[in-house]
Each structure stands twice: as C-alpha cells, then as structure tokens.
Amino acid sequence: MHPLSPALHGAKSLVVVIAGLSWSTLSRVGFGWFAVLVAVFALGATVLSVVSWWNTGYHVVGRELRVHEGLLWRRTRAIPLERLQAVEVVRPLLAQLTGLAELRLEVVGGGKTEAPLAYLSVAEATALRHRLLAVAGRAPATGRAPEAAPPAAGAPPAPAPAAAGRALHAVRNQDLLVSQLLTPQAFLLPFGLAFVVAQFVSEGSWSFIAVASTLTAMAGVVLQPVRRVLDDWGFRLDRDGDALRVRNGLLETRVQTVPLHRVQTVGVTWPLLWRMKGWLRLRLEVAGYSAAEPDDRNRPDRLLPVGDAPTAELVVAEVLPGVRLGALPDTLPPRRARWLRPLSRARVGAGLDEQVFITRSGLLTRRLTLVPYARIQSVRVTQGPAQRRLRLATVHADTAGGSGAAAPDRDLAEAWELAAELTARGHAARRSDRGRPG
C-alpha cells in the first residue's frame with residue numbers, strides 16, 4: 001500500500017477516539033488531560049496502522065488476486081477473478097486531499113466488499129483496476145502476461161492503458177437538487193418545522209433535551225435526500241469497452257466499473273412527484289452485490305439518478321441492446337385479480353420481449369423491471385391461500401443473488417405457460433451466450 005496509508009487510517013481512528021471519549025470525559029478530567037488521552041490513543045492507533053501497512057500487500061497470481069495481511073496471525077485471501085462483479089475506485093475526502101484512492105472489489109456471493117485495498121495512488125489504483133478487469137474478462141492484461149506481478153513497492157506504477165471510453169450521459173447537478181426537493185421528505189419538512197415551533201411557543205419550553213430530540217428527528221428526515229445529493233453529485237456515465245464506468249460523489253468520489261455481462265436486471269422507477277417533470281430513475285442489479293449490501297451507498301447500482309425518457313432510452317439501449325422502453329409488451333392480470341388488487345390492478349403487468357422479461361408494478365411510485373433471459377437462474381410459480389381460491393398464481397424469475405422479478409396474480413394456466421416459456425428462453429439465451437466468441 002502507499003506509505004501515507006497509516007496516516008489516513010490514523011486520522012480516521014482519531015475521529016473515533018474523540019467521539020468515544022465524549023464531552024463528559026472532557027468535563028471530568030479537563031482539557032489538558034483530555035488532549036493527552038487523545039494523543040496517546042491516536043499515537044497507538046497510528047502505530048498499529050503502520051504495523052498493519054508494513055505487513056499488508058497484494059499479488060496477482062494467474063487468475064487470482066491474493067491479499068496478504070497480519071503480523072502475529074498471517075492471513076492470505078485468494079479471490080478468483082472470474083467471480084469478479086465490479087471494481088470501484090473510491091476517494092474519501094482525506095484521500096482526495098492526499099492524492100490517494102481505495103480500490104474495492106465485489107465478487108459473486110460476497111456479502112460485503114472483498115479485499116479493499118487502501119490506499120493506493122490514483123494512477124496505481126486505475127492501472128490495477130484495468131488489469132483485474134482484463135484478467136476477469138479473459139483478455140490479455142495490457143501487454144503483460146497474467147502471471148506478472150505488480151510493480152514493486154517504491155517503483156513508479158505502470159501507466160494506465162489509454163481510455164477507450166465513450167461518454168453516455170452527465171446528470172446536471174441542478175436537476176439532481178430539484179429531484180430531491182420533489183420528495184416526500186422535502187414536502188413534509190415545513191410542516192414538521194411548523195409543528196415544532198408551535199409546540200415551543202405554546203409550552204414555552206426550550207430545554208436542551210427538547211431541542212436535541214427535535215434536531216435529531218429533523219436530521220433523520222432530511223438526511224436521505226442530502227446524502228443522495230452528495231453521493232450523486234457530478235454523476236457521469238461512460239461506456240468503456242464491455243463495461244460501464246460510473247463517476248459520482250462530492251465529499252467522497254467514486255469510479256465504479258461494472259462489466260455489462262454481470263448485469264442481472266435493470267429497474268426503472270417513476271416517483272409520483274417526478275412524473276410532472278417527466279423524470280425517472282434507472283438502477284442496475286449486479287449478481288451477489290445489490291441485495292447483499294445493507295448500505296445502498298456501497299452498491300454499484302446507479303445507472304441514472306434522474307433523467308427524462310429519451311435519456312433513459314439511450315442508457316438502456318447501451319445496457320440491453322435492442323430493448324426500447326417505449327415499446328415493451330405487457331398484459332394485465334385477469335379481472336378477478338381486482339379482489340386482491342382493487343386499486344393497483346391496472347398498474348400491474350408482465351410481458352415477454354425478444355430480449356427481456358418485463359414486470360410492471362406500483363400505484364403511486366411506478367416501477368418497471370427488465371430481466372435478460374440469459375440471467376434467469378430459476379423460475380418459480382407460487383400461490384397464496386387467496387390466490388388458490390381465485391385460481392391465480394405469481395411467477396418469479398430469480399437471478400444470481402438478487403431479487404429478480406415477479407409477475408403477480410396471473411391466471412393459473414397462464415402462469416404455468418409463462419414459467420415454461422421463461423425456462424425455455426433462459427436456456428436458449430445461455431446457449432447463445434456460450435456460443436459467442438470471447
């Protein structure tokens with residue numbers, strides 16, 4: 001890792017130490033002893049970071065990335081690169097100030113980020129990302145044999161291969177801000193503030209506990225839209241060969257690379273308040289990643305945070321060639337399904353395109369899910385007690401480690417026919433993919 005890595009890890013530990021000591025410790029021991037405690041803990045954290053840095057390294061052997069770490073207990077993790085789903089270069093604020101970056105890898109079946117390499121220089125992180133993706137894609141690694149080791153510590157990193165990227169779309173930050181103002185949280189915030197002020201005026205109480213609890217509640221309301229603005233600031237989408245490259249973030253910048261053949265589903269969402277401006281949102285599902293990460297900030301699923309229909313058509317055509325959002329077939333459930341969906345039956349549909357399985361749902365927030373046939377891992381037909389009485393069933397198309405798509409409340413005979421057709425198309429699409437060169 002880069003020699004400045006211990007300093008960045010130590011700085012993060014310093015924040016944790018100060019938060020752990022709390023203001024009550026400061027009031028009991030005084031500022032002088034408090035500063036001494038902070039310095040001792042920070043020095044200890046920095047020493048541990050240096051020891052960890054000295055005993056941590058990585059090596060590319062064949063089609064594996066091996067990460068070595070530990071002093072007393074040595075541990076070596078071997079990550080098969082053919083299971084690689086996505087690679088991202090993340091630059092937190094401190095890393096941006098020091099010219100460093102963190103490389104994160106996501107693999108099939110991983111419940112969390114594998115082998116986060118922190119920290120590398122930006123040039124080395126970019127070069128290593130290109131190399132890992134080349135090995136994972138069964139392509140030659142930029143003029144080197146796959147068995148070649150990375151540059152030795154202290155040697156200048158090899159230059160990154162020339163970018164063959166093609167710009168697809170850049171989201172205007174103004175649109176991003178407006179889109180987050182058109183959310184329920186933003187609309188309810190003035191009413192919440194009015195309620196709080198009315199309580200204070202009527203009761204005449206401005207105690208610390210009341211103020212702190214109120215600020216905490218209000219922060220919880222506004223945190224999500226603010227975080228989305230910070231995460232998606234400067235969003236840019238590029239096509240880089242057979243992969244998508246996503247750049248986004250203000251305080252923490254990210255460069256995510258997702259191979260297109262790893263995409264399991266594409267989701268389209270039309271929030272209620274966005275529809276008056278003709279806006280929508282596009283998301284990806286990547287095998288073993290999207291569903292496994294509890295924090296959506298760590299998911300490589302951003303395809304279009306906000307945009308109009310023509311932009312969405314352009315982006316979807318890059319991910320799923322031949323698929324047109326405005327010309328997708330779908331049919332409604334039978335009329336007797338209104339007993340289960342009295343309000344939303346007209347908004348629920350399913351259909352079969354030449355390339356994808358389509359499901360549609362949502363009354364206030366409308367959603368569309370597209371599943372390429374080659375990504376379908378299994379097909380299920382399920383029935384609940386009410387569905388059995390109405391001779392209805394739900395057809396599920398499951399993808400690798402993800403949520404897939406479901407067509408609810410179909411006629412029972414139609415559900416079995418749909419399941420058989422999905423199975424046949426899935427087998428045919430996978431055979432076609434295996435027969436393609438490369």
Query raised in the report: Where the side chain of Ser5 meets the backbone of Tyr119, is there a donor-acceptor pair that is under 3.5 Å apart?
Result: yes
Query raised in the report: Short question: side chain of Arg366, backbone of Ser361 - any donor-acceptor pair under 3.5 Å?
Result: no
Query raised in the report: If you count the non-hydrogen atoms of other residues, nucleotides and ligands that lie under 6.0 Å from CG in Asn55, is the total more than 12?
Result: yes
Report task. From the options Leu303, Val286, Leu133, Asp240, select the one residue that forms a side-chain contact (heavy atoms from CB on, under 4.5 Å) with Val258. Result -> Val286
Query raised in the report: What closest approach, in Å, do Pro333 and Arg410 show between heavy atoms, and which atom pair accounts for it?
Result: N-NH1, 3.5 Å
Query raised in the report: CZ of Arg129 to CG of Leu120: how many Å apart, nearest 0.5 Å?
Result: 12.5 Å
Query raised in the report: Are the side chains of Glu285 and Arg375 in touch, meaning some heavy atoms are under 4.5 Å apart?
Result: no
Requested in this report: Measure the spacing between CD of Glu421 and OH of Tyr373 and express it to the nearest 0.5 Å.
Outcome: 7.5 Å
Query raised in the report: Would Arg302 and Arg283 satisfy side-chain contact (heavy atoms from CB on, under 4.5 Å), going step by step from the backbone distance to the final call?
Result: CA-CA 5 Å; Arg302 289 170 173 81; Arg283 295 280 184 174; 3.4 Å; yes
Query - N/O donor-acceptor pair under 3.5 Å between Asn173 side chain and Gly234 backbone - result: yes
Query raised in the report: Does Thr126 use its side chain to pair, donor to acceptor, with the backbone of Val122 at less than 3.5 Å?
Result: yes
Query raised in the report: Does Asp398 reach the main-chain N or O of Gly404 with its side chain, forming a donor-acceptor pair under 3.5 Å?
Result: no
Query - Heavy-atom closest pair, residues Pro372 and Gln264 - result: CD-O, 3.1 Å
Query raised in the report: Is there side-chain contact between Leu117 and Met1, with at least one heavy-atom pair below 4.5 Å?
Result: yes
Query - Non-hydrogen atoms of Pro184 and Leu273 that approach each other most closely - result: N-CD1, 4.5 Å
Query raised in the report: Does any pair with a residue in residues 304-322 pass salt bridge (Lys or Arg N to Asp or Glu O under 4.0 Å), and if so which ones, sequence neighbours excluded?
Result: Arg166-Glu318, Arg239-Glu318
Report task. Specify the closest pair of heavy atoms between Ala405 and Thr369, including all atoms of both residues, with the distance to one decimal. Result -> CB-CG2, 3.8 Å
Query raised in the report: CG of Leu105 to CZ of Arg83: how many Å apart, nearest 0.5 Å?
Result: 11.5 Å
Query - Arg228 side chain near Pro305 side chain, heavy-atom distance below 4.5 Å - result: no
Requested in this report: State, yes or no, whether a side-chain contact exists between Met276 and Leu182 at a heavy-atom distance under 4.5 Å.
Outcome: yes
Report summary line: To the nearest 0.5 Å, atom CD of Gln174 lies from atom OG of Ser179 at 11.0 Å
Report task. Before giving the answer on side-chain contact (heavy atoms from CB on, under 4.5 Å), spell out for Leu168 and Leu244 the whole-Å C-alpha distance, their side-chain angles and the decisive distance to 0.1 Å. Result -> CA-CA 10 Å; Leu168 296 180; Leu244 291 176; 4.1 Å; yes
Query raised in the report: How far apart are the C-alpha atoms of Leu237 and Val246, what are their side-chain angles, what is the distance that settles it, and do they pass the side-chain contact (heavy atoms from CB on, under 4.5 Å) test?
Result: CA-CA 5 Å; Leu237 181 66; Val246 179; 3.6 Å; yes
Requested in this report: Give a yes or no answer on whether the side chain of Arg430 reaches the backbone of Ile376 with a donor-acceptor pair at less than 3.5 Å.
Outcome: yes
Report summary line: Taking every heavy atom of Gly349 against every heavy atom of Asp330, the minimum-distance pair comes out as CA-OD2, 3.9 Å
Requested in this report: Could you give me the CA-CA distance, side-chain angles and deciding distance for Leu282 and Val319, then say whether side-chain contact (heavy atoms from CB on, under 4.5 Å) is met?
Outcome: CA-CA 11 Å; Leu282 296 178; Val319 182; over 6 Å; no
Query raised in the report: Is it true that Arg254 and Glu252 make a salt bridge, defined as a side-chain N closer than 4.0 Å to a carboxylate O?
Result: yes
Requested in this report: Flag the pair Pro3 / Trp53 as yes when at least one side-chain heavy-atom distance between them is below 4.5 Å, and no otherwise.
Outcome: yes
Query - CZ-CG distance between Arg227 and Leu251, expressed to the nearest 0.5 angstrom - result: 13.0 Å
Query raised in the report: Is there side-chain contact between Val90 and Thr253, with heavy atoms separated by less than 4.5 Å?
Result: no
Query - Gap between atom CD1 of Ile358 and atom CG of Leu352 - 0.5 Å precision - result: 7.0 Å
Report task. Quick one: closest heavy-atom pair of Trp270 and Trp279, and the distance? Result -> CD1-O, 3.7 Å
Requested in this report: Decide yes or no for Leu325 and Leu368: does some side-chain heavy atom of the first lie under 4.5 Å from some side-chain heavy atom of the second?
Outcome: yes
Query - N/O donor-acceptor pair under 3.5 Å between Arg63 side chain and Glu82 backbone - result: no
Requested in this report: Say whether, by atom type as modelled, one donor and one acceptor occur between the side chain of Ser344 and the main chain of Arg347 under 3.5 angstrom.
Outcome: no
Query raised in the report: Side chains of Gln180 and Val229: does their closest heavy-atom pair fall under 4.5 Å?
Result: yes
Query raised in the report: Is the number of heavy atoms from other residues, nucleotides or ligands within 6.0 Å of CZ (Arg324) greater than 12?
Result: no
